[in-house]
Amino acid sequence: MEKITDYFGSLVFDDRVMKATLSADVYNSLKKTIDEGANLDLGVANSVAAAMKDWAISKGATHFTHWFQPLTGITAEKHDSFITPAPDGSVIMDFSGKELIKGEPDASSFPSGGLRATFEARGYTAWDPTSYAFIKGKTLCIPTAFCSYGGEALDKKTPLLRSMEALNRQALRILRLFGNTTAKYVRSSVGPEQEYFLITKEMYDQRPDLRFTGRTLFGAMPPKGQQMDDHYFGAIKPKVAEYMEDLNHELWQHGILAKTEHNEVAPAQHEMAPIYTTTNVATDHNQLTMELMQTVAKRHGLVCLLHEKPFAGVNGSGKHNNWSISTDDGINLLSPGETPYENAQFLLFLCAVIKAVDDYQDLLRIAVATAANDHRLGANEAPPAVVSIFLGDELSGVLEAIEHDSPYEGVEKTKIKLGVSVLPRFNRDTTDRNRTSPFAFTGNKFEFRMLGSSNSIACTNIMLNSAVAESLRVYADRLEKAENFEAALHEMIQKTIKDHKRIIFNGNGYDDAWIKEATEVRGLLNYKTTPDALPHLLDQKNVDMLMQHKIYTEAEIRSRYEITLENYCKTVVIEANTMRDIARMQILPAVERFATDLAAAAMTKKQMDPSLECAYETQTVRKLSALTDGIAMKTQELELALLKLADAADITEESVMIRDSVLDKMSELRMVCDEAEVLTAKDYWPFPKYGDLLFGVG
Ligand code: ADP
Ligand code: MG
């Protein structure tokens, strides 16, 4: 048996390989670039490239690629082989520092949201040395940022790195004010829990809806769904266990810290969580994880569904973004400390998050907005579309005491004055588990639970890092000028609590009464759908904040707006077209066949014995006939709704038309088809049913 400790990271050009293959000088300057963002000179790049190439070839690689994350949400790669012709007709394997640092893919087919006219097709990719290169198949993958020639970010990595830089800048200002002179940098870390479904490849291939859209567009509920709650944390079936084992092996080889795996709530649903790491790396790892989940599944005759709502009637899949901020010397700034000063610092960072989440609720909602995720949010299986924070009773009690300058009725009765008296030590376990909160404090980190399973975590963390950087900036501006630091600190924490306590909610987030209170009493935002949420990306306060921290230029923000709405529209239109085709070309003929056979059976029986009633046949044929008329009519209505989209003046209007008409027509069509399904004999139904799909993996 291969030992994990022996092969972990064997496909990664990580620190161990760098140390072993680079000269001390080269290693040190590369390390300086990785840790402190220092510029890298070409000489160093040449040496790194040569070492990378030799290492990659020794692992069987023949090609290299700049691996990047365009705005499609998935990763892109264009492979180049290492071969270079030699004068004598042979080839040598070559890879230069220039090729490592910069690539120039023809970028014209990637969405740019108006950032780059097609005649300026060129874009460039730039090496991100903070994320290790790795081998996938026979290709050396170099994580890169992707920009237009004008320098605008065409990807998700660039703004993510900028947001980490912004957070670093502002958090360091705060730490210096608290007398910390040693921290070199502050970084956010993320541990994303990834949910997914596994179904058999054989059944997947028979469902055009799954193949074209990643989700089922039709399907009546089987007698058993998730009612019994017997799948969650249940014993893992052998075939799934084999898959997980193989997946872990792949992930570990790629240096991904796969840690936990278990069955989720819905049948056929599972989860994998890695150990958290630096946000940028966690993002690359999560993209690679999603890709490997799918490739490994194929090897096992399975398909891994990452769609947010592959099946109606059972839970969809999300991704929990566990987020914290810490210093290079390992201090978690969201961990309550031991001393009054540490606790005051903790409270300030806590307040920064509270203020950020309240001020930028809309940006957090926007970061997870897709057509697919709209199915989950607020459907009693995932948090509502209203953003709120869960703090737990103890921490909420502390904040309340600070707000009113009243004694804290916790473990030790102390009047809380920051930096003077000792704050009560918070017991981590009392920040107990509230699974219904979109944004929960879980002891030393926040868990943001609104992400969809296929979302890139980049978007969420860009917004989170930037919004918290903005709170910290406001605090630092004030504190740096303060004559009495402690008084100013106290006053500011108190003000944050007063101004932003509306965002704190410790109750059941799935409760309708909460949504009413949140929106009507507290004035929190409730953007139920992507077209409701997206326009607010362009709100002045959001544009100002994102520009002030240099996360995006105005043009870049606009491009994200366009692309997100375009994706929304394209996704739904593809689904609608797929529905129309399936209804007309598969469901209607199948139901007709069954009805005709039933009618023929009744006739035959009556010929044999005219006194037979044939009530089952007659009634079913009647019902089916009404249903086929209904299906035909609903298909036509859907088609008309789609045709109307041509009248939309722009993408904003189109998205609203889709929200208000196409989606309704789709659910109406589905409803009649699902009704017909339960009246039709299984042999006639044109594709595998929910029961087969959900319980089909042996
Ligand atoms: P649960 O399902 O109870 O939320 P999991 O173990 O499935 O817990 O996932 C928790 C995730 O949080 C893991 O990815 C873990 O590495 C991550 N995590 C733990 N501590 C931190 C931290 N300080 N910062 C960021 N992520 C963290
Ligand atoms: Mg969790």
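Atoms within each ligand, like the ligands themselves, are counted from 1 in listed order.
Close contacts of ligand 1 with I275, meaning ligand atoms under 4.0 Å from a residue heavy atom, involve 16 (O). Within ligand 1, counting atoms from 1 as listed, the ones closer than 4.0 Å to a heavy atom of E271 are 7 (O). Atoms of ligand 1 found under 4.0 Å from any heavy atom of N322 (numbered from 1 in listed order, with element): 10 (C), 11 (C), 12 (O), 17 (C), 25 (C), 26 (N). Contact atoms of ligand 1 toward P274: 13 (C), 14 (O), 16 (O) (distance under 4.0 Å to a heavy atom of the residue). Each of the following atoms of ligand 1 lies closer than 4.0 Å to a heavy atom of G191: 14 (O), 26 (N).
In summary, the side chains of T182 and N180 do present a donor paired with an acceptor at a separation below 3.5 Å, with no hydrogens or angles considered. Side-chain atoms of N315 and E195 include no donor-acceptor pair closer than 3.5 Å.
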- Any chance you could lay out the salt bridge (charged side-chain N to carboxylate O under 4.0 Å, His left out) test for R299 and D246, step after step, and finish with the verdict? CA-CA 9 Å; R299 293 209 287 260; D246 196 2; 3.2 Å; yes

- Checking ring pair (Phe, Tyr, Trp, His ring centres under 6.0 Å) for the pair H231/H262: CA distance, chi angles, key distance, verdict? CA-CA 10 Å; H231 194 254; H262 59 80; 9.8 Å; no

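Ligand 1 has at least one atom lying under 4.0 Å from a heavy atom of R435. Every heavy atom of H320 sits 4.0 Å or more from the atoms of ligand 1.
Contact annotation: the side chain of L175 approaches that of T327 to within less than 4.5 Å [non-hydrogen atoms, C-beta and beyond].
N506 contributes a side-chain N or O that, together with a main-chain N or O of G392, makes up a donor-acceptor pair within less than 3.5 Å.
Between W67 and the options Y132, W127, F134, a ring-ring contact (aromatic ring centres under 6.0 Å, His included) holds for only F134.
Comparing heavy-atom distances from atom 7 (O) of ligand 1 across K445, E447, E193, K259 singles out E193 as nearest. Taking only non-hydrogen atoms, the option from P192, S189, S326, S324 nearest to atom 23 (N) of ligand 1 is S324.
Residue contacts with ligand 1 for N332 involve side-chain atoms from C-beta outward but no N, CA, C or O (heavy atoms, distance under 4.0 Å).
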